[in-house]
Number of protein chains: 2
Amino acid sequence: MAAALDLFVERGYAATRLDDVAARAGVSKGTLYLYFSSKEELFKAVIRSGIVPLIERGERLFEEHKGTAAGLLREIVFSWWESVGNTKLGGIPKLMFSECRNFPEIGKFYYDEVISRGHRLMQSVLETGMKSGEFRSMDANYAMRLILAPMVFLLLWRHSFDFCDSKHIDADRYLEQHLDMIINGLMPRSREQNNSTQPAKVISMEKKGRIR
Amino acid sequence: MAAALDLFVERGYAATRLDDVAARAGVSKGTLYLYFSSKEELFKAVIRSGIVPLIERGERLFEEHKGTAAGLLREIVFSWWESVGNTKLGGIPKLMFSECRNFPEIGKFYYDEVISRGHRLMQSVLETGMKSGEFRSMDANYAMRLILAPMVFLLLWRHSFDFCDSKHIDADRYLEQHLDMIINGLMPRSREQNNSTQPAKVISMEKKGRIR
DNA sequence: TGTATATTACTGACCGCTCAGTCATTTACA
DNA sequence: TGTAAATGACTGAGCGGTCAGTAATATACA
């Protein structure tokens with residue numbers, strides 16, 4: 001399954017040959033069929049085992065958190081990047097976006113088990129912040145999508161056009177600035193108070209030369 | 001080429017059969033080879049002819065604009081959605097993200113002719129606003145990416161997981177809220193002044209029931 | 001303990017289908 | 001009638017999937 005993940009991420013579903021998966025795994029193609037009844041089943045297994053555990057971690061972060069909503073937001077963003085963005089698991093979302101129309105069943109599975117739970121999590125964080133008055137009130141469903149979009153987009157970019165890009169994106173700076181722009185867009189009233197809402201600095205891998 | 005665009009967008013590159021393209025175009029497969037020397041050449045031609053004209057329109061908007069940077073931003077966002085998001089051309093970015101690793105040559109072409117020009121355009125808008133003091137000063141390269149990401153992401157979503165999503169996204173509300181969050185994140189000092197920076201309302205298809 | 005039998009894990013040659021690409025033939029038309 | 005355009009049957013490589021066979025290990029039994 002590790003071999004399959006590598007190759008699926010690298011070449012996409014259709015372009016991955018089972019002979020190659022078998023070769024990389026150090027077994028014969030026949031052996032694959034002792035464990036997975038078809039290429040599609042192998043694909044599903046890879047997706048399932050790789051992603052589902054991660055979403056659960058995020059849900060735990062939310063339940064256990066005590067502090068500002070902005071701090072929690074920050075914590076989720078950076079721990080997500082650490083465990084997904086920076087690992088080979090980061091290729092899965094790209095894979096899913098590319099293939100979900102051709103495999104609606106897997107698409108639905110991924111949506112139900114990963115995406116919708118991620119959405120619910122982020123929306124809860126925002127609603128918490130709105131209720132407490134830390135964020136101004138807005139449609140949490142759309143706000144949630146607007147916060148997640150640049151995060152996932154960074155992942156997709158990394159696995160697609162990044163190789164063309166002369167200016168490689170520094171993920172930490174990108175996420176840092178995203179938070180900065182989003183928080184200032186979310187905060188009510190004056191802007192100055194926002195510096196007090198970053199108690200989570202400890203867990204982030206914040207750069208010294210942070211952009212103002 | 002219209003037939004090919006339809007099918008590429010609908011099924012992806014690998015899953016599109018030239019027999020089907022020919023059938024939809026109302027010609028025989030042999031005829032395709034009188035005009036395109038290979039499937040890959042057909043793909044390139046589709047991408048080239050579909051997208052390049054659009055970017056030029058955006059560049060013209062920038063050059064001709066007189067008004068606030070926020071107004072220009074708004075105008076670009078909505079006219080982009082009108083001419084790309086709402087048409088079948090909207091499938092091309094999804095296609096490019098999915099396939100650019102398998103066709104680095106096309107990926108490079110797309111990056112050079114479309115993405116980098118789009119980046120430059122948006123970055124210019126932001127820098128204009130920063131110079132005039134309308135926006136607070138920040139790294140324009142990252143800000144540009146953070147503004148474009150949710151826009152492109154909406155397109156990708158529409159062509160991938162949207163079919164799973166029970167709550168269909170209203171593109172206008174989404175973009176409206178994006179602008180609202182971004183502008184308020186970009187504006188210096190007090191939040192109240194931002195309502196004066198929407199002279200571009202005319203061209204947008206703004207909904208009455210806008211989210212506050 | 002030595003031999004026979006069963007089980008498990010794996011192999012790789014093979015099959016059949018799909019589909020990009022070809023080309024001898026037909027059609028359109030000036 | 002000559003030539004350019006179009007056709008569609010055909011080819012062959014590639015690849016998902018199969019299965020008879022092998023080797024190693026475990027079990028049965030005398």
Side-chain angles (χ1 to χ4, degrees), chain A residues 1-50 91-92 94-110, chain B residues 1-50 88 91-92 94-110 159:
Chain A
M1 279 174 49
L5 173 59
D6 284 352
L7 289 170
F8 281 143
V9 163
E10 192 176 308
R11 305 183 192 173
Y13 180 82
T16 296
R17 276 167 291 127
L18 291 187
D19 287 292
D20 292 344
V21 174
R24 182 174 297 210
V27 298
S28 71
K29 189 163 68 168
T31 305
L32 293 185
Y33 282 88
L34 295 175
Y35 297 91
F36 307 98
S37 63
S38 68
K39 187 182 186 182
E40 190 170 340
E41 285 302 323
L42 172 61
F43 184 67
K44 287 187 204 175
V46 167
I47 298 296
R48 258 188 270 268
S49 76
I92 291 183
K94 154 78 185 308
L95 195 52
M96 287 307 311
F97 267 81
S98 298
E99 305 293 349
C100 74
R101 287 300 263 287
N102 293 100
F103 301 94
E105 191 200 336
I106 309 178
K108 194 89 183 73
F109 165 80
Y110 188 79
Chain B
M1 280 173 48
L5 173 59
D6 284 352
L7 289 170
F8 281 142
V9 163
E10 193 177 308
R11 305 184 194 171
Y13 180 82
T16 295
R17 278 166 289 130
L18 291 188
D19 287 292
D20 293 344
V21 174
R24 181 171 299 207
V27 298
S28 71
K29 190 164 65 167
T31 305
L32 294 185
Y33 281 87
L34 296 175
Y35 297 92
F36 306 98
S37 63
S38 70
K39 187 182 185 182
E40 192 171 337
E41 285 302 323
L42 172 61
F43 184 68
K44 287 186 203 176
V46 167
I47 299 294
R48 259 188 268 266
S49 76
K88 69 166 74 164
I92 291 183
K94 155 77 185 308
L95 195 52
M96 285 308 310
F97 268 81
S98 298
E99 305 293 348
C100 74
R101 286 303 261 287
N102 293 99
F103 300 94
E105 191 198 337
I106 309 178
K108 196 86 182 69
F109 165 81
Y110 188 79
H159 289 85

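Order of the sequence lines sets the chain letters (A, B, ...), proteins ahead of strands, with each chain counted from 1.
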Quiz item: C:dA28 P sits how many Å from B:L34 CG, rounded?
Solution: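 Computing the B:L34:CG to C:dA28:P distance gives 16 Å.
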Self-check item: Ring centroid separation B:F97 to A:F97 under 6.0 Å
Solution: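 No, they do not, as the ring centres are separated by 6.0 Å or more.
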Self-check item: Nucleotide-resolved protein contact map, nucleotides 10-20 of chain D, B/S/- at heavy-atom distance under 4.0 Å
Solution: -----SBBBB-
Practice problem: Calculate, to the nearest 0.5 Å, the distance between atoms CD1 and CE belonging to B:I47 and B:M96 respectively. | Solution: 5.5 Å
Quiz item: Between B:K39 and B:Y13, does a side chain to side chain contact (heavy atoms under 4.5 Å, CB included) hold up when you go through it step by step?
Solution: CA-CA 9 Å; B:K39 187 182 185 182; B:Y13 180 82; 3.5 Å; yes
Quiz item: Just checking, B:K44 and B:F103: is the charged tip under 6.0 Å from the six-membered ring centre and within 45° of the axis?
Solution: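 The answer is no; the distance or angle limit is not met.
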Exercise. Might you work through the side chain to side chain contact (heavy atoms under 4.5 Å, CB included) test for A:L18 and A:Y33, ending with a clear yes or no?
Key: CA-CA 10 Å; A:L18 291 187; A:Y33 282 88; 3.1 Å; yes
Practice problem: Describe the nucleic acid contact of A:Y35 in one word from base, sugar-phosphate, nothing, applying a heavy-atom distance below 4.0 Å. | Solution: sugar-phosphate
